Number of protein chains: 2
Amino acid sequence: MLIRVNTASRRPIDGPMAAVAGPRALCSEFKYRRGSEIFGEGEHAEYIYQISYGAVRTYKLLADGRRQINSFHLPGDMFGFENSETHRFTAEAIVETHVRIMKRCNLLEAMPSEAAGSKKLIGFVTENLQHAENHMLLLGRKTSLEKVAAFLLEMDGRLAHPDVMTLPMSRRDIADYLGLTLETVSRALSILRDDKILRFHGTTQREVEMLDREKLAKLDA
Amino acid sequence: MLIRVNTASRRPIDGPMAAVAGPRALCSEFKYRRGSEIFGEGEHAEYIYQISYGAVRTYKLLADGRRQINSFHLPGDMFGFENSETHRFTAEAIVETHVRIMKRCNLLEAMPSEAAGSKKLIGFVTENLQHAENHMLLLGRKTSLEKVAAFLLEMDGRLAHPDVMTLPMSRRDIADYLGLTLETVSRALSILRDDKILRFHGTTQREVEMLDREKLAKLDA
DNA sequence: CGAAGTGTTGATTAAGATCAACATGCGTGG
DNA sequence: CCACGCATGTTGATCTTAATCAACACTTCG
């Protein structure tokens, strides 16, 4: 399912990826279609990724198919860093997604020579850890309504508080992120809609307008 | 509640702490009594810690007191690394605990000069992240029995499979680690005992003998 | 057009939480 | 040393939240 857009698109990188890898590293652009796998749990970790367009979910599965989504990645986000040789989870494009890819070994070579890059890398991993710590609190101790409120606030913040945010993920994805069923997510959203805390636009129920962020913040524990 | 054992006990460190901090760093030994706080969420992060004796829980609280324990730390484990200036969670001694303490700033100074130390540090944070990822799967998607089975297997592994393991933490601690109530933890343990998968020794119900690790592994999803 | 995917809502069930009672261990102070 | 109070742990009864089962509407896409 991997489509190389433009093999000749190798060029010096910029942005956060440059900060960790140094200015000399090169990268390529790739496209993934909606639902396609970027890498699988247990696969050899070859690249690191930065999203330029689209959205990605990373998740783990139990043997019987139960799924826990660790995190959603949006444009600008990087993922796929691994300490070991293999990926610890699966990454999939939620919608049509464009990513920049850099060889992991290039990163490793570039790193020790650049103390600043090394610090950036630690900062990046720490950021993920911090998110995971907050998410453990959510998963272990929040109610369904609190979870959904927290999710909306997280997305609102990461999308820079647009008037109407367009969620790339389905109700099932949200449920698997929050440790709920899709029905429970749907019911919680209906409650928030009935309470005039949010409003849906369009026909797909994925375009959400936040009417009362304060009330929402109070619903999140 | 902090008791300095021996102020004059500064000496060169060894072990994992030396690996990240370099051989020149110094550290002190401290004791904390059962239940006392080592550092609090939001406090300025001054030190990093390595346990030489005892056990520590790190947790986050919601405003109404609901608690989520991120992790248990046992002898040899290090904790208290922070990227930011403040601690993201609280750390408490579960039982009488002895720790080695090193100034965080010493670590930071020692780091850039030592590429190997920097890599060790990344490895350490990654290890924590990996644990958090596995724990999110547990919290979000496992049943109570699966959670308790996974907990026992984790502790068994970390205590190097002793004949009888002595759990330092209470049922409530276990519950707050697994996102359950203490009653549910107690019931799950009773089921495992009735199924001859484990046996309790002594009077406190904290000394656990693993009778059938394979069966236990099958109960963990 | 039909089929599959997505989302909402209602009815019912089940897992785990809550409420409660009781047993035992342990530390403290008389 | 014992008595008391508190912490800890188990078990039972009941309740609540979210899961499950189900029906239906709408969209999208081949």
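On a predicted model such as this, the values are computed, not experimentally measured, just so you know.
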Please determine whether a side-chain nitrogen or oxygen atom of [X] lies at a distance below 4.0 Å from atom OP1 or OP2 of [N].
X	N	answer
R172(A)	dT6(C)	no
R193(A)	dT8(C)	no
T184(A)	dA19(D)	yes
S170(A)	dT6(C)	no
S190(A)	dT9(C)	yes

When you measure only distances, ignoring hydrogens and angles, does the side chain of R187(B) come within 3.5 Å of the base of dT18(C) through a donor and an acceptor?
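It does, because a donor-acceptor pair links the side chain of R187(B) to the base of dT18(C) below 3.5 Å.
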Is it the case that the base of dC26(D) and the side chain of Q205(A) share a donor-acceptor contact (distance under 3.5 Å, atom types as modelled)?
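Looking at the base of dC26(D), it does not pair with any donor or acceptor on the side chain of Q205(A) (distance under 3.5 Å).
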Looking across every strand, which nucleic acid part, if any, lies under 4.0 Å from S186(A) by heavy atom: base, sugar-phosphate, or nothing?
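Counting heavy atoms under 4.0 Å across all strands, the contact made by S186(A) includes a base.
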Could you check whether G179(A) gets within reach of a base, just the sugar-phosphate, or nothing at all, counting any heavy atom under 4.0 Å?
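Contact class for G179(A): sugar-phosphate only.
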Given dT6(C), dG25(C), dA22(D), the nucleotide with the shortest approach to the side chain of T204(B):
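Looking only at side-chain atoms, T204(B) lies closest to dG25(C).
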Select one nucleotide: of dA18(D), dA7(D), dG16(C), the one nearest the side-chain heavy atoms of R34(B).
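The answer is dA7(D), which lies nearest to the side chain.
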Is there a donor in the side chain of S144(B) and an acceptor in the side chain of T184(B), or the other way round, less than 3.5 Å apart?
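Side chains of S144(B) and T184(B): no pair found under 3.5 Å.
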Do E209(A) and H201(A) pair up side chain to side chain, a donor and an acceptor below 3.5 Å, judged on atom types alone?
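Side-chain D/A pair, E209(A) to H201(A): present.
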May I have the step-by-step check of side-chain contact (heavy atoms from CB on, under 4.5 Å) for L121(A) and I122(B), ending in yes or no?
CA-CA 8 Å; L121(A) 184 53; I122(B) 291 170; 3.8 Å; yes
Taking the ring centre of each residue, are Y177(A) and H135(A) less than 6.0 Å apart?
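Yes, ring centres under 6.0 Å apart.
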